[in-house]
Amino acid sequence: MKFDQPATTNPIDQLKVVGKPTDRIEGPLKVSGAAPYAYERRDVAPSPAYGCVIGATIGKGKIQSMDLGPARRAPGVITIVTAQNAGPVGKGAFNTAKLIGGPDIDHYHQAIAVVVAETFEQARAAAQLVRVNYVRTAGEFDLSKAKDGAKAPKQLTGGPPDSALGDFDGAFAAAAVKVDSTYTTPDHAHAMMEPHATIAAWKGDELTLWTSNQMIDWGRGEIAKILGMPKTKVRLISPFIGGGFGGKLFIRADAVLAALGARAAGRPVKIALQRPLMINNTTHRPATIQRVRLGATRDGKITAIGHESWSGDLPGGKPDGAVHQTRMLYAADNRMTATRLAVLDLPEANAMRAPGEATGHMALEVAIDELAEGLGMDPVELRIRNDTQVVPDAAGAPPKPFSQRQLVECLRTGAERFGWARRNPQPGQARDGRWLVGMGVAAAYRGAPTMKSAARVRLNGRGLVIVETDMTDIGTGTYTIIAQTAAEMMGVPLASVRVSLGDSDYPVSAGSGGQWGAASSTAGVFAACMKLRQAVAEKLGFDPDKAVFADGRVSAGRKAAPLADAARDGELVGEDAIEFGDLSKRYQHATFGAHFVEVGIDPYTAEVRVRRMLAVCAAGRILNPKAARNQVIGAMTMGVGSALMEELVVDKGQGFFVNHDLASYEVPVHADIPHQEVIFLDETDPTTSPMKAKGVGELGICGVSAAVANAIYNAAGVRVREYPITLDKLLAGMPAVA
Amino acid sequence: MRAFSYERARDPQAAVAAMARTPDAKFIAGGTNLLDLMKLEIERPGRLIDVNGLGFDKIEATADGGLRIGALVRNTDLAADERVRRDYGVLSRALVAGASGQLRNKATTAGNLLQRTRCPYFYDPGQPCNKRQPGSGCGALQGFSRQLAVIGGSEACIATHPSDMAVAMRVLDASVETLNPEGKARRIPIAEFHRLPGDKPQIDTTLGRGELITAVTLPRPIGGVQVYRKVRDRASYAFALVSVAAVVQRDGSGRVAFGGVAHKPWRVEAAEPAMASGAKAVVDRAFAGAKPRHDNAFKLLLAERTLAAAMAEARA
């Protein structure tokens with residue numbers, strides 16, 4: 001189905017099932033331990049061998065020698081695979097560094113071998129017997145030093161790396177009120193609960209991988225490329241994923257080494273990456289240095305807006321897109337953004353939840369707060385004053401409109417619900433007992449991309465509707481919204497729908513990433529259901545255009561029949577893909593929000609405690625408010641982490657992330673997170689998809705950290721521009737204590 | 001993890017005798033730290049002697065009005081004990097500030113004292129660490145030291161002791177009772193139990209080889225307001241950046257020990273008379289000669305302000 005005209009009324013608009021806060025249909029499986037995660041597929045690979053991955057312990061250099069002898073002779077060892085004995089191993093198109101290194105080492109904990117043994121304990125013990133001699137070479141591990149040599153990347157998510165409109169320098173110089181601030185954000189780990197894990201099994205020249213991956217079809221192609229085999233011989237199965245956040249968009253060492261190990265061992269091999277390897281072996285969100293310059297008239301009209309961002313990656317890598325939202329959020333006639341990429345020899349940088357916007361808001365939305373202070377203006381009002389309904393960064397006429405943009409409504413609704421009027425604009429004034437108390441706000445922007453997505457929907461003689469697509473559910477609620485979509489389309493209760501996901505034998509979906517999954521994959525199911533409805537109508541002798549599917553029946557005028565009757569002679573199948581036309585070129589598809597945060601700060605120790613949080617989101621039709629809320633509060637929690645504690649600490653001498661476990665890479669615990677409130681504004685966007693929906697899982701993190709930072713400033717009067725805002729950075733600015 | 005043999009000790013004498021017979025043996029009780037270290041091969045015992053059955057699991061009154069805490073008393077039970085809560089509040093508070101409920105259910109009194117540093121370089125076998133591998137160097141000295149010691153360190157090691165419980169025991173003047181392989185009992189004042197790293201950071205305590213902790217005794221209650229204030233980057237489930245165990249009497253005098261700042265719980269008795277003059281005076285004395293590093297220099301100010309918070313809490 002081609003989607004190239006705005007949607008008109010369609011069966012989804014009935015909202016009998018879609019739009020309801022339905023519980024997760026796979027919830028009982030998960031809470032009872034019956035959901036099969038990759039490492040636990042005892043049903044498919046009953047007696048696998050176990051692989052233990054060895055990571056390099058230098059930041060950059062070469063392996064001079066490797067002594068495998070003692071490990072080979074260790075109890076239970078079946079084989080050891082290294083780059084030397086693995087045969088040809090290619091590099092995936094999505095990988096910056098090779099997934100098995102040697103003799104050249106590109107980064108710390110790059111995999112250099114996998115030891116395969118009868119038991120996990122034997123594999124791990126033998127891995128510790130492998131002795132490696134390295135020759136180190138000097139590497140660059142310090143972004144602040146590499147910054148000056150940073151270059152413009154070839155592109156920034158498909159477009160030119162820099163943008164400019166009007167005369168930024170002139171307007172900034174002439175502005176009555178200015179902000180010129182530099183902010184830093186550290187490297188972040190996805191730190192998902194389930195590690196990267198794979199069971200690999202060969203049957204002749206066919207390879208099956210039970211793995212944990214957000215993008216089944218990408219992964220299938222990558223495995224084929226890396227192992228030099230036809231894509232058709234690779235099957236990826238990933239029905240349940242214990243968190244990804246972008247860290248599982250790509251094939252990683254667990255999958256490749258399980259495949260190589262299984263080939264060498266002649267039997268299935270299972271591997272889970274050790275937690276330290278998840279930090280230094282896989283990808284992470286790169287650190288940024290960001291300079292934001294804002295100029296405004298005395299009455300708060302922004303005249304100049306400039307945002308420059310620096311990040312680093314291994315040679316051939318990609319930059320963080322921290323300037324994205326600055327091209328979209330505020331009107332200003334004179335503007336510039338610039339993105340520079342430095343070469344660093346740290347582990348590979350890549351996407352993490354809301355890549356670009358997550359870090360970019362941490363700078364821009366604090367700069368806006370600083371501007372509001374400089375103007376003596378309320379920060380909510382300043383944002384409203386500079387709203388725009390067209391893309392402000394687009395040069396040339398006519399300006400491109402946003403399909404929907406309710407930023408002002410988000411801010412106004414949030415301000416009212418949060419009690420923003422009670423905020424004291426003078427920082428450091430409000431107290432609650434001994435606590436210093438402050439409130440902060442930030443706007444949120446995140447694109448609403450869509451991608452081609454296919455599905456197959458089957459109707460059987462019992463009236464069951466079965467959906468099959470290689471779409472993934474990374475904890476987002478995909479199973480449930482797909483079931484709701486199929487139930488609405490076919491006029492059956494949710495209990496009559498079965499959903500099968502995450503298998504490359506199924507039609508290729510959009511996958512989970514970039515907050516495109518919900519809108520795209522449900523639209524694919526919509527398209528397949530339209531095909532099935534047609535088949536049903538024809539089979540029952542109804543006019544497909546007039547048939548009404550409701551309550552398990554199909555009717556047209558006085559004629560009616562049970563839906564199941566259509567499949568009495570055999571299953572009916574509808575299969576189709578949604579293909580998106582140029583509506584996203586005619587309209588800017590985006591989601592908007594506003595975050596409000598109240599913090600308390602202990603005046604003695606500068607410990608920050610978040611006391612209240614509110615997110616107001618305008619993100620198209622909300623397919624399932626419960627699942628969407630779950631996404632947003634999770635993202636808000638992650639935003640608190642980025643604001644207050646999350647930081648991969650770089651050892652700039654040795655070239656690695658030091659805090660490579662969950663004890664030392666701190667993410668928020670329950671005690672850090674207060675009651676969280678989420679409001680979704682009524683919105684349907686007929687230009688995005690027949691579902692009139694967008695994504696929301698990444699919008700939820702955009703701006704959260706800035707709102708926390710702004711609340712900290714309001715509470716304490718200390719502006720910290722280096723994230724995370726840990727207490728050591730606030731301590732000197734705390735009031736005197738006896 | 002290396003293969004190891006395992007035995008359950010029947011009685012204390014048998015336990016120390018078994019230890020004397022087996023040079024690479026280790027005692028195991030809760031195992032909440034030892035097993036992690038064994039998986040990483042930071043600890044590589046050839047034999048584990050399980051002491052859980054030795055009956056050191058009671059909390060009893062002593063003749064001089066104190067408490068004798070069996071070495072195997074679980075952290076949860078110790079924190080919840082009515083006498084501890086009433087008379088040694090700082091200990092109860094320190095215990096619940098540490099780890100998680102699940103870990104405290106398993107972790108023992110002796111094991112808590114014997115837990116090893118959480119320095120990230122100690123935990124990464126790919127990095128040099130004199131504590132893990134004597135003579136290999138210290139990765140932290142040139143690397144990341146935010147969590148590490150500001151006082152009492154050496155050129156070989158700037159690790160901190162991670163325990164909260166031990167800091168409270170230090171302020172309470174506890175003693176550690178042991179049994180050595182010859183079957184002789186002795187009593188080690190807690191001040192002398194943990195050592196500074198010097199040029200032998202691989203040795204954490206003054207226990208002899210094969211010496212078994214049987215109990216920790218607390219002297220008679222000293223009254224006062226007892227406060228344990230632990231400061232960290234998140235609200236729970238993290239080791240202290242700085243912690244303060246303080247006992248403040250009505251006249252403003254008191255005692256204080258600090259956690260998160262040294263290779264052992266840090267208490268300088270000579271600084272305590274300054275309590276009446278305020279936190280800064282105490283910290284100036286207690287931390288005289290401190291050698292903070294760039295990453296952790298904030299700990300001195302934090303120690304002062306955390307003590308001030310504890311003293312304010314005691315006054316309130």
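Treat the numbers as computed from the prediction; the structure is a model and nothing was measured. In what follows, chains are A, B, ... by sequence order, proteins preceding strands, each numbered from 1.
Within a 6.0 Å sphere centred on CD of B:Q142, other residues, nucleotides and ligands contribute 12 heavy atoms or fewer. By the 6.0 Å contact criterion, CD on B:E7 is enclosed, its count of non-hydrogen atoms from other residues, nucleotides or ligands being greater than 12. Atom OH of A:Y134 is surrounded by more than 12 heavy atoms from other residues, nucleotides or ligands within 6.0 Å. Within a 6.0 Å radius of CZ in A:R431, more than 12 heavy atoms belonging to other residues, nucleotides or ligands are found.
Looking only at side-chain heavy atoms (C-beta outward), B:F144 and A:D651 stay at 4.5 Å or farther from each other. The shortest side-chain heavy-atom distance between A:V667 and B:R234 falls under the 4.5 Å cut-off. A heavy-atom distance below 4.5 Å is not found between the side chains of A:L644 and B:D233. Using a 4.5 Å heavy-atom threshold, the side chains of A:D602 and B:V231 count as separate.
Distance CG/A:L129 to CZ/B:R2: 6.5 Å, rounded to 0.5 Å. To the nearest 0.5 Å, atoms CZ (A:R124) and CD (B:E41) are separated by 8.5 Å.
Between B:R146 and A:D728 a salt bridge is recorded (basic side-chain N to carboxylate O distance below 4.0 Å). Taking the charged nitrogens against the carboxylate oxygens, B:R229 and A:E607 do have a contact shorter than 4.0 Å, which makes a salt bridge.
Neither the backbone nor the side chain of A:L730 comes within less than 4.5 Å of any heavy atom in chain B. For A:N659, no part lies near chain B; criterion is any non-hydrogen pair under 4.5 Å. Both the backbone and the side chain of A:A125 have a heavy atom closer than 4.5 Å to some heavy atom of chain B. If you measure heavy-atom distances from A:V658 to chain B, the contacts under 4.5 Å come from both the backbone and the side chain. For chain B, the nearby part of A:P603 is the backbone; its heavy atoms alone come within less than 4.5 Å. Heavy atoms of B:K280 lying under 4.5 Å from chain A are absent altogether. For a residue to count as touching a neighbouring chain, one of its non-hydrogen atoms must lie under 4.5 Å from one of that chain's; by this rule A:H670 does not touch chain B. Looking at A:E666, both its backbone and its side chain come within 4.5 Å of chain B, counting heavy atoms on both sides.
In terms of heavy-atom pairs under 4.5 Å with chain A, the best-connected choice from B:L302, B:L40, B:L241 is B:L302. Per-residue heavy-atom pair counts under 4.5 Å with chain B were compared for A:P668, A:A663, A:P735, and the maximum is reached by A:P735. Ranked by heavy-atom pairs shorter than 4.5 Å toward chain B, the options A:H109, A:M645, A:R609, A:K652 are led by A:R609.
Shown here for B:M1 and A:Q128, the closest heavy-atom pair between the two residues is N-OE1, 3.3 Å.
Here A:T282 pairs with A:H196, A:R252, A:L273 under the side chain to side chain contact (heavy atoms under 4.5 Å, CB included) rule; sequence neighbours left out.
Here the side chain of B:R305 pairs no donor or acceptor atom with the backbone of A:T605 at under 3.5 angstrom.
Against chain A, the residues from residues 111-136 of chain B that qualify, each with a non-hydrogen atom under 4.5 angstrom away, are B:P120, B:Y121, B:D124, B:G126, B:Q127 in number order.
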